[in-house]
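A short write-up of the structure that comes next.
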Amino acid sequence: MTQPDVVRTATVVAHYGVAVAVRLDSGALERVRVPRRTSLVVGDRVEIRGETLVRVEASRGVLRRRDSHGRIRSVASNLDCLGIVLAPRPDSPVGFVDRGLVAARAAGLSSFIVVNKSDLPGAAELHGTLEEAYGAEVSALLVSSVSGAGLTPLQSRLAEAGRGVFVGTSGVGKSSLFNALLPELELAVGEINEVSGLGRHVTSTATLHALPGGGEWIDTPGFRDFGPVEVSPAQLAAFFPGFESVLEGGCHFRDCLHRSEPGCCVLEGVGTGLITDQRHAAYLSLLGELEVAHAPRSGGPK
Ligand SMILES: Nc1nc2c(ncn2[C@@H]2O[C@H](COP(=O)(O)OP(=O)(O)OP(=O)(O)O)[C@@H](O)[C@H]2O)c(=O)[nH]1
Ligand SMILES: [Mg+2]
């Protein structure tokens, strides 16, 4: 029986609205009631007295995103790594990988890309395109949860990474990958909608899983909007994938936005081919979005 005065520490492994599932440091799993709309996320460290949650420890490595309504959402906490999952079907929004990589770097996380459904046409091409765009800095693994191809290298990568979270649009196969990596797990998976070509938002809550090969990874509900949080327009370039080598020595100008400033190191990199026009255009598109998000709100007191 639970001793009411003993404080026990635990990790949140799932959030069900009015309750969370926690893994006690002893290894046992328990459910603890929490107030609705609590800001707890999977990965949080908590203290429990009896059956009551009494404290949430400060967390590090929190992945946050801004959704399409401008709301800031925490995806998970105490992370080391972000795995961005894509597939040939359904496709992911333009700029999804850039946004994910920027968000990961801003949160101090390592990151890599997983192209799932290697058994389907278009997967190898997608993998090739991603390798070309990001290969120098970010690795991309080609796998299939159906055929099992690439799962052994994926398992090693997940173990090396420590605590991580898979994100990706609905239907790319995040939960299927967990089921393939953990044979006793039976996470719900869903068919792609034949008409829209989109996933059906099958997973509704994030869940943390200790993998047999090592590492603890979190499955999440799919989302398409991945606005970076806590990255100002002036900071974006430092996190933007593909700009690393030209920014090593710093730009001539403090607070340079690398848009049209003469003598800017990024524009020089575009000129010499170190940065492709596509990478620079992707940067400018995200920069424009961050400028809108950071613009002072109009309509306030005069
Ligand atoms: N051909 C093929 N289909 C796959 C593969 N992995 C997953 N699928 C299928 O893709 C569909 C979506 O898989 P899920 O695992 O539910 O996708 P999810 O990313 O978890 O989706 P949400 O939970 O909605 O975010 C299912 O029909 C799976 O059977 C794969 O490697 N190859
Ligand atoms: Mg899922």
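Counting starts at 1 for both ligands and their atoms, in listed order. Nothing fancy with the numbering, it's 1 onward along the sequence. Everything numeric in this text was worked out from a predicted model, so none of it was measured.
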All N/O donor-acceptor pairs, side-chain side in residues 108-116, below 3.5 Å, sequence neighbours left out:
{"unit_1": "S110", "atom_1": "OG", "unit_2": "D80", "atom_2": "O", "d": "3.3"}
{"unit_1": "N116", "atom_1": "OD1", "unit_2": "S145", "atom_2": "N", "d": "3.2"}
{"unit_1": "N116", "atom_1": "ND2", "unit_2": "V172", "atom_2": "O", "d": "3.0"}

Check residues 95-104 and write down every donor-acceptor pair under 3.5 Å in which the side-chain atom is one partner and the other belongs to a residue at least two apart or another chain.
{"unit_1": "D98", "atom_1": "OD1", "unit_2": "Y134", "atom_2": "OH", "d": "2.6"}
{"unit_1": "D98", "atom_1": "OD1", "unit_2": "R279", "atom_2": "NH1", "d": "3.2"}
{"unit_1": "D98", "atom_1": "OD1", "unit_2": "R279", "atom_2": "NH2", "d": "2.8"}
{"unit_1": "D98", "atom_1": "OD2", "unit_2": "R279", "atom_2": "NH2", "d": "2.9"}
{"unit_1": "R99", "atom_1": "NE", "unit_2": "G95", "atom_2": "O", "d": "3.3"}
{"unit_1": "R99", "atom_1": "NH1", "unit_2": "E289", "atom_2": "OE1", "d": "3.1"}
{"unit_1": "R99", "atom_1": "NH1", "unit_2": "E289", "atom_2": "OE2", "d": "2.9"}
{"unit_1": "R99", "atom_1": "NH2", "unit_2": "E289", "atom_2": "OE1", "d": "2.7"}

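With hydrogens and angles disregarded, no donor-acceptor distance shorter than 3.5 Å links the side chain of H201 to the backbone of G199. Side chain of S147 to backbone of A149: a donor-acceptor contact under 3.5 angstrom is found. Side-chain atoms of H258 do not come within 3.5 Å of backbone N or O of C264 as any donor-acceptor pair.
The residue among V146, L151, I192 with a heavy atom at the shortest distance from atom 30 (C) of ligand 1 is V146. Remark: among candidates A123, G173, S145, the nearest residue to atom 5 (C) of ligand 1 is S145, based on non-hydrogen atoms.
Ring orientation note: the planes of F178 and H209 are tilted relative to one another, at an angle of 30° to 60°. By the 30° and 60° cut-offs, the orientation of the rings of Y283 relative to H280 is parallel.
One finds a salt bridge joining E230 and R64 here, because a Lys/Arg side-chain nitrogen approaches an Asp/Glu carboxylate oxygen to under 4.0 Å. A salt bridge is defined here as a Lys NZ or Arg NE, NH1 or NH2 lying under 4.0 Å from an Asp or Glu carboxylate O, and D25 with R8 fails to meet this definition. By the 4.0 Å N-to-carboxylate-O rule, D67 lies close enough to R73 to be salt-bridged with it.
Of all the heavy atoms of D119, the ones lying under 4.0 Å from any atom of ligand 1 belong exclusively to the side chain. Residue V189 touches ligand 1 through backbone and side chain together, judged by heavy-atom distances below 4.0 Å. Within the 4.0 Å heavy-atom criterion, the part of N116 lying near ligand 1 is the side chain and not the backbone.
Around the Mg ion (ligand 2), the protein atoms of type N, O or S found under 2.8 Å away are S175 OG, T203 OG1, listed by chain and number.
The shortest contact between atom 9 (C) of ligand 1 and any protein heavy atom is with K117 NZ, 3.9 Å. What sits closest to atom 24 (O) of ligand 1 on the protein, heavy atoms only, is S170 OG, 2.5 Å. Ranking the protein heavy atoms by distance from atom 19 (O) of ligand 1 puts K174 NZ, 2.8 Å first. Counting only heavy atoms of the protein, atom 23 (O) of ligand 1 lies nearest to T203 OG1, 2.7 Å. Of the protein's heavy atoms, S176 OG, 3.8 Å lies nearest to atom 28 (C) of ligand 1.
S175 and D219 share a side-chain donor-acceptor pair at under 3.5 Å.
Of all atoms in ligand 1, listed by their number and element, those nearer than 4.0 Å to a heavy atom of H201 are 24 (O). Shown in contact with S144 at under 4.0 Å from a heavy atom are these atoms of ligand 1, numbered in order with element: 30 (C), 31 (O). Set against the non-hydrogen atoms of E191, the atoms of ligand 1 under 4.0 Å away are 27 (O). Taking every non-hydrogen atom of L120 and a distance limit under 4.0 Å, the qualifying atoms of ligand 1 come out as 1 (N). Heavy-atom proximity to S175, at under 4.0 Å, picks out these atoms of ligand 1: 15 (O), 20 (O).
Surrounding CD of E291 are more than 12 heavy atoms belonging to other residues, nucleotides or ligands, all under 6.0 Å away.
Note: N78 CG to S59 OG = 5.0 Å, rounded to the nearest 0.5 Å. Separating the OG atom in S92 from the CG atom in L130 is a distance of 9.0 Å, to the nearest 0.5 Å.
Among pairs with a residue in residues 63-94, none fulfils ring pair (Phe, Tyr, Trp, His ring centres under 6.0 Å), at least two apart in sequence or across chains.
Looking at ligand 1, you'll find an N or O of G222 within less than 3.5 Å of one of its N or O atoms.
Within the 4.0 Å heavy-atom cutoff, G190 counts among the residues contacting ligand 1. Residue G171 places a heavy atom under 4.0 Å from ligand 1.
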